Amino acid sequence: MIRIIELLVRFKEYVVLCLLVAMSFLLMTFGSAAKLRGFRIILISGVGLLQESLAWLPNPLTILSDNAALREENYRLSREVAQTRRAIAENDRFHALLQFRDSADFAVFPARIVGRIMDKSRYYLTMNAGALDSVFTGMPILNEKGLVGFVFSSARHHSIIQTILDKDTRIAAKVERNGVNGIVAWEGGTALYLTNIAKTEDVKEGDMVVTSDYSSRYPANIVIGRIAEKRDEATTLFWKLRIEPVVHFSSLEYVFVGLQTPNEEQQMVEELLEKRLKKGDVNRETSTRAREAIRDANRLNREATREAAKEAERQAARDSIKNARERQNAPKDSSDEN
Amino acid sequence: MNNPVLRYLAYAIAALLLSVATVVLVPFIAIDGIVPDVMLIWAIWVALNEGQMIGMVAGFGSGLLFDVVSADVIGSNALAKVVAVFIAGYFYLETREREITGSLRFPLIIALCATVHNVIYYFFYLRPTEIDFVQFFIRYGLLTALYTTILSLIPMLITSRQKD
């Protein structure tokens, strides 16, 4: 017995270790958390009170990470807000476009503006619709607000639009309120002018100007703009009417192609008449402007001829394809009959 | 402090204050969820000043207190601390206590004991789960041991100054 006690005293550290380890295992095995529940509640309540009283102390490391996380969150939310705003605006725009397409009196084809070409006197747009979408030269371009221009030239998938902000613009137009007819022309900038309206006619600022039934290029009653200024110039018998176009060309994104080709015969006759009139007026108006107008008329004539030739070529190509197809189908049909 | 009763009382008060600090203040110095084990430093300090046996009792008591406060398996922390302090007790040198606690040997002992402590603690902590022990230990056990070692430099420097 004494030897055992001596042994225990000698190795007391190991004995204590064994005892404490054994106690720990006993607690792990049999120590019920339920029995300590009350004690734990008291301790946790005390700890909770202490933590609450010190909650005002800032934790620098947490503040840094919190700030970083908040900045990231802020950036993400800002992006989401911007995206939502964009989506709402886009939705409104598409809604208006759909309404326009459904209410149009003629067939239209939607297209997106993919490029802009600007020089001193012209404002061209490129759209993602071309000959393969049945979009051809001369077709009118408009959007839900009003007239944009016409197809200047078309490739297979893309077309160039010549907007109404062009020095060659001459649109037969009328005042919507009372049907007074005139010609819309461009003189630079973003404004258009309604010309040939006599001072005896009743026109007011704010009147809407639309395409007239006489227009050979554009469908009738397409809004061009609103009369923004009416000027009485002493040297002439006509009003000087400045029109603010309804279409915002700089922010134009979507357009419709009116699937109707211009009346080429009417165009040619009108151009010819204009040319002759201008020739007859040479004596009366020998100004440079008249000479320019004649030059323009000639150019238009040449362009119209060129377009007619191109169309004839296109027609020939279409015919040859059609013939080739018929030839291909012919033996099949004959074999079917056999 | 020559009176052993007063000395033990001072250890007890220190343990109480440190346990409060562990719960209330240590979260403020947490780095990515890693916190140092202040109670382990205290228990090893006791072991290196009072010997292996007293240290083990201190470790057991502090571990048990932690087990009760936390939602861990009761006894797991106590076991880990007892074993860790038992190892630390081998470095106890009677009459030369300050020589160890006031030198770089102290953080080295802490590093060793904290690693052993965490191996045992996380073994029992992860036993009922399917979490990979090795990965978890590397992620939390070693980093906690490292942070505890770094924090042990403070008592080491204080003792070193007092020694000088």
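Everything numeric here is computed off the predicted structure, so don't read it as measured data.
When the shell of 6.0 Å around CD of Q135(B) is examined, it contains 12 or fewer heavy atoms from other residues, nucleotides or ligands. Heavy atoms from other residues, nucleotides or ligands lying under 6.0 Å from CZ of R85(A) number 12 at most. Heavy atoms of other residues, nucleotides or ligands lying less than 6.0 angstrom from CZ of R242(A) number more than 12. Remark: E73(A) CD is packed, more than 12 non-hydrogen atoms of other residues, nucleotides or ligands lying under 6.0 Å away.
Between M56(B) and E13(A), the closest heavy-atom pair is CE-O, 3.2 Å.
Here OG of S24(A) is found 7.5 Å from CG of L64(B). Values are rounded to the nearest 0.5 Å. Distance check: L27(A) CG to D67(B) CG gives 8.0 Å after rounding to the nearest 0.5 Å.
Between chain B and the residues L20(A), V16(A), L19(A), the most heavy-atom pairs under 4.5 angstrom are made by L20(A).
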